[in-house]
Protein chains: 2
Amino acid sequence: MSPSGMGVPLVETAPRRRQASVRLLSEPQVSRLSLYRRQLQALPLDSPPTIHSHTLAALCGTSAAHVRRDLMTIGFAGSPVRGYDVEQLIGAIGRQLDAPEGQRAVLVGVGQLGRALLNYFTTRRPHLRLVAAFDIDPEKTGRVIHGCRVWPLAELGEVVREQGITVGVLTVPAEAAQEVADRMVEAGIAGFLNFAPVPLRLPARTFVEEMDITTSMERAAYFARALVGGGRRKDEQRAG
Amino acid sequence: MSPSGMGVPLVETAPRRRQASVRLLSEPQVSRLSLYRRQLQALPLDSPPTIHSHTLAALCGTSAAHVRRDLMTIGFAGSPVRGYDVEQLIGAIGRQLDAPEGQRAVLVGVGQLGRALLNYFTTRRPHLRLVAAFDIDPEKTGRVIHGCRVWPLAELGEVVREQGITVGVLTVPAEAAQEVADRMVEAGIAGFLNFAPVPLRLPARTFVEEMDITTSMERAAYFARALVGGGRRKDEQRAG
DNA sequence: ATTCAGTTGTGAACGGGATCACAGCGTTAC
DNA sequence: GTAACGCTGTGATCCCGTTCACAACTGAAT
Ligand SMILES: NC(=O)c1ccc[n+]([C@@H]2O[C@H](COP(=O)([O-])OP(=O)(O)OC[C@H]3O[C@@H](n4cnc5c(N)ncnc54)[C@H](O)[C@@H]3O)[C@@H](O)[C@H]2O)c1
Ligand SMILES: NC(=O)c1ccc[n+]([C@@H]2O[C@H](COP(=O)([O-])OP(=O)(O)OC[C@H]3O[C@@H](n4cnc5c(N)ncnc54)[C@H](O)[C@@H]3O)[C@@H](O)[C@H]2O)c1
């Protein structure tokens, strides 16, 4: 479950299972690799051309062993003493994560959150771009927001198919989420970022990243209490 | 790391370890319990007063065994045939997740994303409320946005201490995140929701939920490719 | 009263991600 | 040249969340 944290591959009814034919990175690995790359790219220009697992680990909040293990599984080798070549590593990660020809994404639901995300992602790197937005409200369609055109929902299928879009961001109200998601799947979307506070029920061969902010907040609250509160938890429970 | 969904307890340098005095739920358990409750509360008024593990599982995209196991660990019993009492269960979950006296949260960084979140959380349930916002920009402070007063950053310590606030949402630019987070810790915040795309380095007894949207998006893109690609990962990519 | 269908509760097995530990080696210093 | 340091690569291990499987049980039906 994922937003934080939590990643959620959803299959038809009960059991969750992802299966791919070839070598597939695990969900946490993809997350970490994505983070490694971002941190490497954010390195100051005058920093050395190689980096140690320790250093990268510190930048990413992991352990050095973890970093080495990850780089091992993508077959990237470093040199003792010098460490890993930063340029090369960025390239190697890209070769794992990015589609060679780039990938495009759409956003559905141009409300408060949708607009913030549009702004955020249209100023981002080009290998994964938000290229279209959709809304059901005629007030919102037709305009161009943050360089991204807003289409009527009815055009979804055509635009997605025409451009071979595979990734979708869902920021519609909870009540509409399942229905809209179904339409997106039908159009060809296979990877979802779902911000609606409702778990999507989608067919297999589909991946949903649940960005459940409410749940994440409750987690933060729970562990904040657990960590600072120290004691004070009752073990009393109730039943019918 | 979590983002992505993923939960991230960060300790000083390398090793991550959470330790609490008493019985502590695991991170995924807290997420699921939070979700169970939300789904139960969203049940139609005319639905039966009890619910089976199957049904709840379907609503939450998990398995029945999982639900039973979770309810077992919080010591909540159901009856064969009838299932679990919905009212009682909602109460039992609350007794686990919520602070008896309620919990308050602050948000720092009233930008695009911050405003969206303010709007979202001030219309939410009362056991966990956003009670104050902070920004460094004098243009933004002094006003009341969505029922939430925006203070100058300088007031952070006082407000947090005065109201015993333990949870904080971070929506400042990446460059400012670490510094602001440090100030929040100093003021007494122990649970974080970090939307800045930078892993926070915080002392032990602190919990960070990394809401790394970029990473989540790359995960969705990666698995979308992996799943629809059907076989090849390298070149196999079709057009519309 | 008795049977029966279907659900809960839970020990046990499983799987896989995180972590450990160390051998091997490249680099630098002298 | 060579010694020594410290980092990488990786088998092995650990740990914990997930899943299985089934006995116990409840309520309904007859
Ligand atoms: N705002 C936040 O900070 C926040 C935080 C967490 C979760 N969410 C969730 O994200 C979603 C959007 O939140 P928001 O605050 O932007 O709401 P919003 O009401 O501002 O935006 C919703 C948008 O979706 C559009 N819409 C409605 N039905 C649609 C349909 N069937 N097809 C296409 N578009 C449709 C509306 O016209 C509107 O533009 C909600 O599910 C909300 O629960 C929001
Ligand atoms: N907008 C999005 O959809 C989105 C998505 C993912 C992540 N993020 C991240 O969330 C953060 C905020 O994004 P945004 O789009 O709202 O940016 P924004 O520029 O609109 O808002 C940033 C706000 O933080 C305030 N600020 C700056 N420095 C500060 C400081 N030291 N103390 C307190 N406040 C300070 C600014 O005055 C501004 O109001 C960024 O880190 C961004 O990377 C945003």
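In this text, all values refer to a predicted model and were calculated from it rather than measured experimentally. We name chains A, B, ... by the order of the sequence lines, and we start the count at 1 in each one. No hydrogens, no waters, no symmetry mates; every other heavy atom, side chains included, goes into these values.
- Here the side chain of A:Thr171 pairs a donor or acceptor atom with the backbone of A:Val108 at under 3.5 angstrom.
- Between the P atom of D:dT8 and the CD1 atom of A:Ile74 lies a distance of 14 Å, rounded to the nearest Å.
- Salt bridge present: A:Asp98 and A:Arg37 bring a charged side-chain N and a carboxylate O closer than 4.0 Å.
- Between the side chain of B:Thr73 and the main chain of B:Asp70, a donor-acceptor pair closer than 3.5 Å is present.
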Nucleotides 23-30 of chain C: protein proximity per nucleotide (B base, S sugar-phosphate only, - neither; heavy atom, under 4.0 Å): ---BS---
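- One finds a side-chain N or O of A:Ser53 lying less than 4.0 angstrom from the OP1 or OP2 phosphate oxygen of D:dT8.
- Remark: the A:Gln29 side chain and the A:His66 side chain contain no N/O donor-acceptor pair separated by less than 3.5 Å.
- Between the side chain of A:Gln39 and the backbone N or O of A:Cys60, no donor-acceptor pair lies under 3.5 Å.
- Ion pair B:Arg201/B:Asp182 not flagged as a salt bridge, since none of the NZ, NE, NH1 or NH2 atoms sits closer than 4.0 Å to an Asp/Glu carboxylate oxygen.
- Both B:Arg69 and B:His52 lie near DNA chain C, and the one whose nearest nucleotide falls closer to the 5' end is B:His52.
- Note: A:Leu40 CG to A:Asp85 CG = 10.0 Å, rounded to the nearest 0.5 Å.
- At D:dT18, one or more side-chain N or O atoms of B:Arg32 fall inside 4.0 Å of OP1 or OP2 (strictly under the cut-off).
- For the helix from C:dA1-D:dT30 to C:dC30-D:dG1, the axis fitted to the five pairs at one end and the axis fitted to the five pairs at the other end meet at an angle of 10° (nearest 10 degrees).
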